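Since the structure comes first, as C-alpha cells, the remarks are kept for the end.
Residue numbering restarts at 1 for every chain, and letters A, B, ... go by the order of the sequence lines. Everything numeric in this text was worked out from a predicted model, so none of it was measured.
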Amino acid sequence: MDKGLLAYLLIPLFTAVVIPFAARRRAKLADILANVTLLAGLANLAWLVLRPSVIADGFTSVPGDGLSILLVGLIYLVALCVTFFSAEFLPEEMPNRSAYYSLIMVSVAAMCGVVTTSDFFTLYVFIEVLAVTSFALITTDDSRAGVEGALKYFFLTFPASALIMIGISLLLLTLGSLSYDSLRLVMASGIPSGPVVFGMALITLGFLIKSGVVPFHAWTPDAYQGAYAPVSAHLGGIVTKISGVYAVLKISTLMNFAEGMAPGLSGGIMFLGMLSIAVGALAALKQKDFKRMLAFSSISQVGYIILAAGLGTPLAIIGAIFHLVNHATFKTVLFLNSASLEKSAGTTDMEKLGGMEHSMPWTSWTSVIALLSTAGVPPLSGFWSKLLIILALWQYGFKTYAVLALLFSIVTLAYFMLMQKKVFFGKKSAASERSPEVSCALLTPVIVMSAVIVAVGLLFPYFYSYVWMVAERIFL
Amino acid sequence: MIYHTLLFSLAVIAAIWAVMARNLLTSAIMLALVSVCASLLLFNFNAPWAAVFELSVCAGLITVLFISGVSLIRASTSTTAEKMTYLKVLPLALGIFGIAAWFYLPPFFAELAGWKYTAAEAGPIGKVLWELRRPDLLGQIAMLAAGVFVIKSVFPKRRTVK
C-alpha cells in the first residue's frame, strides 16, 4: 500500500465517524465537516502536484506511480462537488442526513484504499466496502425506484464479488502470493501458467460486471435513475470507475497485454468494450428520461476505457487513464445538471421539458460544454482522450475497432444534441415558465467542473506529460 | 485435540442454531460465530492466510451484509407466522448426511492427505494481522463503519413506514 497517501484514506474515515456526533445538535455541521475535509485534502494534493516547480520538472517529483495520486485527486474533486451540491439539494428534514454524509466519506476512504493498494485481497476488501456504501447511498432515496435500483445493484454486483473471490483463491493457490508485483514477475517471465490466467480472467470478469459493461449493465440505468441525483453523480462520476474500470486497467498493465500475454483475455475485454460503446450509445438514443440517458451514455463511455485497457499498449493506457479522468468530470456535470432540472422543474422526463435555456442559462451552457467534451469535440478534454484511444487502436492494426469507435463518437454527439434540443433549446415550455435557475450554491460545483473540462482540454500538453510520466512508471 | 473437538463442536452448534433461530439477527450472529471457529481451526492447522481471509470475509464482511439486509426487512414481515415444517425435516436431513459422511468422508480425506504440504510457520495471529495484512484491517474498520452507517441510514425509514 502506498503509505504516502494513507492520510487521504484515514482522514475521511475519521470524519465519517465524527459527523454523526457533531451533527447531533446542528444538522448543518454534517455538510460543513464533509466539505471542509474534502476541500483540505484537495488543496493538499494540489500543493503536491501542481506547484510550478513540480510542473517545470515534468512531474518527476510526484510520489508513487503517479496514477494513485491522480485518482485520489479525482475522487476528492468529484466527492467535493457532490457534497457541496448535496448541502443545498437534499431536503432539510431528511432524517438520515448525517448518515448520508458519513457514507459518502466512507466511500471516499474506500476508493482511496482501492487506488493505493498493491495487493489483490486488500483491493477486494475495499471494493466490498465501496459496494456496501453504494448500496446504502442508492437507498437514501426511499422511493420505490430507489429501493428497486439498490436491489438490482445488490443482486448483480455481489455475484461479481464471488467471481473475484474465486479468482483470488486460484491466484493464491497457483502463485502463492497476492501482491501485484508477484503477478507482474510471473507475466514478465513469459510463461504464465494456465491457472494464473484463468484466475485473473475470473477476477477481470467480476470487475467488468462491477463496471456495468454490456452485457452486465442491467443494474446501471435503474440504480442511477432511482437514486438521488447527487448520488447518481457520485456513482456515475467516480464510484463505478474506481470499483470496476480502474481494476481492469490495472490488470491490463500487470498482465502485460501489450506484449501479447493472455491474448484471449485481452481480445475478450476489447470485444466487451466495443459492445458497450455500441449498445450504450444506441440505447441512449431511445431514452426519454435525462438520467436514464446519462446512465446509458456512461455505459458507452466506459466502453472506450475498457477497449483501450484490453489493448494495453502504453498509448492506449494513457488514453484510458485520460478518458477515465475526463469521464468523471463531464459525467459529474451532466448528472448534477439533471439534479438541478429535477429540483427546479420537478422532473427529468425530456418529453415534459423544453426551452429550459431561457430560464436556466447556466445549467444549459454547462451542459453544452460537458456534452461536447463527451462527444469528443476539440479542443475540449474528451477530444484528446478519444483521439489517443483511436490512434492506439489504429497503430496496432485494430482498424475496425478504431473506425467503429469514431463512428459511435458521432452517435454520442447525436443523442446529446437531441437531448439538448429537447430539454434546453427551442421555444419556452410550460415547465420553463415556472422553473427558475437554481441557486448559486448548486451552480458552483457544475461551473468548477466545466472549467476543469475546458482547462484540461486547453492545457493538454501539461496533462499529457503527466500521464506519460505515469505510463513510463507503470511500464518500466 | 480437545481444543479442536471443542471448536468443531462449537461450530456445529452455532451452525445448527443459525438455521433454527427464529430471529434473523441471531442467525447472522451465529453464522459469524461459525466463521470465527473455522478461522481459529485454520490457524491451528498452520494456514494463517486462509484463517485471516475467513475471519475478515466471513466473520466481518458477510455479517455486516447480513445485518444490513436484516435491517432492510420491514417490521411487518417479521410478524407473519413462519412455516416450521423444516424443523421436522432437519433431523432427517442431518441423519442422512451423517450416514453418507460416515462412508464417504474418511476416504475423501485420505485422498486429500496425499496432496498435503506443510505450510510454513507464519507466526502468531497478531503478527499475521499487524505485519502481513495491516491494510486489510483498515478495510475491515471501514467495512464496520459502513455497516453502522448503512443501518443508521436505513432505520429512520422504518419509523416512517410504521
Side-chain angles (χ1 to χ4, degrees), chain A residues 1-3 6 9-10 12-14 16-17 19-20 94-110 112-114 116-119 121-137 139-140 142 147 150-151 154 158 161 165 168-169 172 176-178, chain B residues 42 47-74 115-117 119-120 122 128-162:
Chain A
M1 191 164 219
D2 195 340
K3 284 177 185 158
L6 201 61
L9 187 165
L10 288 173
L13 197 58
F14 178 71
V17 177
I19 282 175
M94 188 176 164
N96 42 13
R97 201 182 171 92
S98 68
Y100 168 82
Y101 282 107
S102 293
L103 283 169
I104 295 249
M105 298 313 280
V106 175
S107 142
V108 167
C112 291
V114 169
T116 52
T117 184
S118 53
D119 178 285
F121 188 73
T122 315
L123 177 76
Y124 170 78
V125 173
F126 282 112
I127 292 274
E128 285 308 290
V129 179
L130 204 49
V132 171
T133 48
S134 307
F135 168 74
L137 280 170
T139 59
T140 323
D142 60 349
V147 174
L151 285 177
F154 188 87
F158 281 87
S161 306
M165 201 63 223
I168 286 177
S169 320
L172 186 62
S177 161
L178 291 176
Chain B
L42 286 170
W49 282 72
V52 171
F53 289 176
E54 175 71 25
L55 195 67
S56 51
V57 179
C58 300
L61 204 142
I62 303 289
T63 310
V64 169
L65 289 180
F66 273 136
I67 292 175
S68 320
V70 170
S71 69
L72 268 173
I73 294 169
R74 300 278 152 87
W115 292 57
K116 77 171 179 186
Y117 67 97
V128 174
L129 280 178
W130 288 111
E131 288 181 20
L132 300 177
R133 312 300 310 170
R134 202 181 305 165
D136 298 346
L137 277 186
L138 208 56
Q140 291 300 314
I141 294 168
M143 178 54 93
L144 284 176
V148 171
F149 298 129
V150 168
I151 292 164
K152 209 171 141 42
S153 157
V154 171
F155 266 109
K157 278 179 229 160
R158 286 187 57 167
R159 277 185 222 123
T160 52
V161 168
K162 280 176 192 173

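In this structure, the portions of A/A16 lying under 4.5 Å from any heavy atom of chain B include both its backbone and its side chain. Contact of A/S107 with chain B is not made at all, since no heavy-atom distance falls under 4.5 Å. If you measure heavy-atom distances from A/Y100 to chain B, you find no contacts under 4.5 Å at all.
Closest approach of B/F149 and A/A99 over heavy atoms only: O-CB, 3.9 Å. Residues A/V132 and B/A146 approach most closely at CG1-CB, 4.4 Å, considering heavy atoms. Scanning all heavy atoms of the two residues, the minimum distance from B/A145 to A/V106 falls at CB-CG2, 4.3 Å.
Taking CG from B/L138 and CG from A/L10, the interatomic distance works out to 5.5 Å, rounded to the nearest 0.5 Å.
The most heavy-atom pairs under 4.5 Å with chain B, out of A/T133, A/D119, A/I19, come from A/D119.
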